[in-house]
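Note that the structure is a prediction, hence the values are computed from the model and not measured. Atoms considered below: every heavy atom in the structure, side chains included; atoms not considered: hydrogens, waters and symmetry mates.
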Amino acid sequence: QKEVEQDPGPLSVPEGAIVSLNCTYSNSAFQYFMWYRQYSRKGPELLMYTYSSGNKEDGRFTAQVDKSSKYISLFIRDSQPSDSATYLCAMSDHTGTASKLTFGTGTRLQVML
Amino acid sequence: DAGITQSPRHKVTETGTPVTLRCHQTENHRYMYWYRQDPGHGLRLIHYSYGVKDTDKGEVSDGYSVSRSKTEDFLLTLESATSSQTSVYFCAITTINPGQTYEQYFGPGTRLTVT
């Protein structure tokens, strides 16, 4: 079993829909959680960064962490065709200072006109 | 893009040949990383560096070596390339924020094909 599980999709939604992207993890030491967006043939782009449990909002994006369930989510409101990309979750136990990340395999999102 | 460039951006090489990929950063970041990305596996850490001449292995380091002789450059070498090393390679850096939180940023990637 992988340390971080993420449904690969593709997830297809109509424009304007609310999108929910999720990851589960098994390592209870993880305490930093990140979401990256990756367009085709590009590098991952950091979207959201949260520490420990709770919610964090940035514009149309909300990141949610539930450490008791080992479950993190990214919500996208009013989805746009430009949101079509692969979304990667990543997490770190932040032991030491090297910040090594463990990634999910990514969920491909398609927002249809 | 956190001032990260990678070269070359694309390379095709033959099995058994040595290959060196370069990551260059302009913002004096201490921590640098090399990842590979493959379908079904996501991003996996190959090696990382926490300073000049200070490096350590990641999850998938077999067949790879690294060097960092200057803060701005982190080199990844495949001593004898194999077809299993066909992949997209990403360099990353970590920024340390006030309050000691960390954010990791990625370069544009190098697409390597070993024939």
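- In this model, no donor atom of one side chain and acceptor atom of the other lie less than 3.5 Å apart for B/Thr113 and B/Thr86.
- Looking at heavy atoms from C-beta onward, A/Phe61 lies out of side-chain contact with A/Trp35 at the 4.5 angstrom threshold.
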After noting the C-alpha distance and the side-chain angles of A/Asp58 and A/Lys56, does the key distance pass the salt bridge (Lys or Arg N to Asp or Glu O under 4.0 Å) rule? CA-CA 7 Å; A/Asp58 184 0; A/Lys56 183 176 181 179; over 6 Å; no
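- Only the side chain of B/Gln37 comes within contact range of chain A, with at least one heavy atom under 4.5 Å from a heavy atom of that chain.
- For the set B/Ser49, B/Gly40, B/Cys91, the entry with the most heavy-atom pairs within less than 4.5 Å of chain A is B/Gly40.
- Side chain to side chain, A/Tyr25 and A/Glu3 fail the donor-acceptor criterion of an N or O pair below 3.5 Å.
- Neither the backbone nor the side chain of B/Arg44 has a heavy atom closer than 4.5 Å to any heavy atom of chain A.
- Heavy-atom distances place no part of A/Pro8 under 4.5 Å from chain B, backbone and side chain included.
- A/Phe75 and A/Val111 are assigned to two separate hydrophobic clusters, defined by single-linkage of ILVMFWY side chains at heavy-atom distances under 4.5 Å.
- For a residue to count as touching a neighbouring chain, one of its non-hydrogen atoms must lie under 4.5 Å from one of that chain's; by this rule B/Leu43 touches chain A with backbone and side chain alike.
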